[in-house]
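Quick notes on the structure that follows.
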Amino acid sequence: MHTQNKISAVIITGNEENNIKDCLKSVRWADEIIVVDSESEDRTVEIAREFTDKVFVHTWKGYSAQKSLALDYAKNDWVLSLDADERVTKALADEILNCELGKDGFDAYKMRRENYFIGKKITYCGWGQDYQLRLFNKAKTKLNNKLVHEGFIVDGKIGQLNNVILHYSYNNFRDGFLKINEYSSLEAQEKQERKVSSFRVVLIPVVAFFQNYIARKGYKDGKHGLMISLMHAMTKLQVQMKIWEIRQQRLRK
């Protein structure tokens with residue numbers, strides 16, 4: 001049984017040749033697949049075109065802007081938005097296909113994301129209860145304007161699906177450190193008006209580590225939990241350092 005609602009799956013990409021194939025395989029059941037690529041220098045576009053003829057290449061404008069662009073290309077009312085490192089499980093696909101979207105009064109649906117770090121499913125570190133809004137009525141939804149951790153704003157009721165998305169965000173430390181560098185720069189831009197004291201530069205990363213490792217029980221995920229907690233602390237340290245750098249540059253002008 002197929003849902004009465006036609007669904008557009010939208011994905012934004014940038015040098016994702018190692019991820020995009022599995023991502024697109026997981027949404028082959030969608031009525032339409034749209035990929036908005038930010039001028040990848042690898043085989044991302046070539047691979048994407050094996051799955052859909054709706055691959056559009058645009059200069060990178062930021063996460064929210066790229067996702068908004070992808071929504072503009074979607075011709076169907078209902079949209080499933082994925083990142084290239086995410087996969088829709090068969091159980092989730094079946095759940096979506098066998099429900100009449102919107103008939104229950106909801107304009108969007110959240111689903112739990114099952115997060116993996118270097119080959120291991122992570123249960124703690126705050127990663128175990130990671131609910132993301134990914135399926136929505138396009139007419140009732142827009143992007144916020146955050147530079148990092150962008151999200152969808154829904155003018156209506158939000159429901160929750162039972163099955164999960166798989167998320168393979170960190171397959172190795174090299175990619176992880178590249179993401180930390182990118183995300184910390186964006187977060188620093190957003191928070192550049194905050195004052196940076198020596199005390200905060202030292203304290204915030206320490207608090208972030210113990211928050212993840214102790215309060216969120218990251219220690220129960222073994223060395224993987226330790227590494228995640230350390231990377232979380234490193235991100236917060238870089239944010240503070242980069243805010244300081246931005247403010248120093250402004251003073252010199």
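Model, not experiment: these values are computed from the prediction. We use all heavy atoms of the structure for the numbers below, so side chains are in, but hydrogens, waters and symmetry mates are not.
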Which residue pairs satisfy the salt bridge (Lys or Arg N to Asp or Glu O under 4.0 Å) criterion with at least one member in [range], sequence neighbours excluded?
{"range": "residues 143-170", "answer": "Lys67-Glu150"}
{"range": "residues 159-183", "answer": "Asp85-Lys179"}
{"range": "residues 116-128", "answer": "Glu114-Lys121"}

When rounded to the nearest 0.5 angstrom, what is the spacing between [atom1] in [X] and [atom2] in [Y]?
{"X": "Ile7", "Y": "Asn5", "atom1": "CD1", "atom2": "CG", "value": "6.5 Å"}
{"X": "Asp83", "Y": "Ile20", "atom1": "CG", "atom2": "CD1", "value": "10.0 Å"}
{"X": "Ile33", "Y": "Ser8", "atom1": "CD1", "atom2": "OG", "value": "10.0 Å"}

### Message
Listing request: all side-chain hydrogen bond (donor to acceptor under 3.5 Å, both in side chains) pairs with a residue in residues 124-137, at least two apart in sequence or in separate chains.
### Response
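side-chain hydrogen bond (donor to acceptor under 3.5 Å, both in side chains) check on residues 124-137 returns Glu86-Arg134, Arg113-Asp130, Asn115-Asp130, Asp130-Gln132.
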### Task
Sort and list the pairs that fulfil side-chain hydrogen bond (donor to acceptor under 3.5 Å, both in side chains) and have at least one residue in residues 220-240, not counting sequence neighbours.
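Sorted result for residues 220-240: Ser184-Gln238, Glu187-Lys236, Gln238-Lys242.
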### Backbone N/O of Glu16 and side chain of Thr44: donor-acceptor pair under 3.5 Å
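Yes, Thr44 side chain to Glu16 backbone: donor-acceptor pair under 3.5 Å.
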### Message
According to ring-ring contact (aromatic ring centres under 6.0 Å, His included), who are the partners of His149, at least two apart in sequence or on a separate chain?
### Response
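None.
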Listed partners of [X] passing side chain to side chain donor-acceptor pair (under 3.5 Å), at least two apart:
{"X": "Glu46", "answer": "Arg43"}
{"X": "Asp53", "answer": "none"}
{"X": "Arg87", "answer": "Asn19"}

### Task
Show which residues join Val164 in its hydrophobic cluster (side-chain heavy-atom contacts under 4.5 Å, direct or indirect), or state none.
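Listed partners: Tyr116, Leu166, Tyr168.
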### For Val148, the rest of its hydrophobic cluster, which grows through side-chain links under 4.5 angstrom
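Other cluster members: Val10, Ile12, Ile34, Val36, Phe56, Trp60, Tyr63, Leu69, Leu71, Tyr73, Val79, Leu133, Phe136, Leu143, Leu147, Phe152, Val154, Ile158, Tyr183, Leu186.
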#### Entry: Neighbour count >12 (heavy atoms, 6.0 Å) for atom CD, Glu41
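Incorrect, the count does not exceed 12.
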### Query
Can you name the residues that form a side-chain contact (heavy atoms from CB on, under 4.5 Å) with Ala65, not counting sequence neighbours?
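Partners of Ala65 by the side-chain contact (heavy atoms from CB on, under 4.5 Å) criterion, ordered by chain and then number, come out as Lys61.
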#### Entry: Donor-acceptor pair between Asn145 and Ser64 side chains, under 3.5 angstrom
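No pair is found: no donor N or O on one side chain lies under 3.5 Å from an acceptor on the other.
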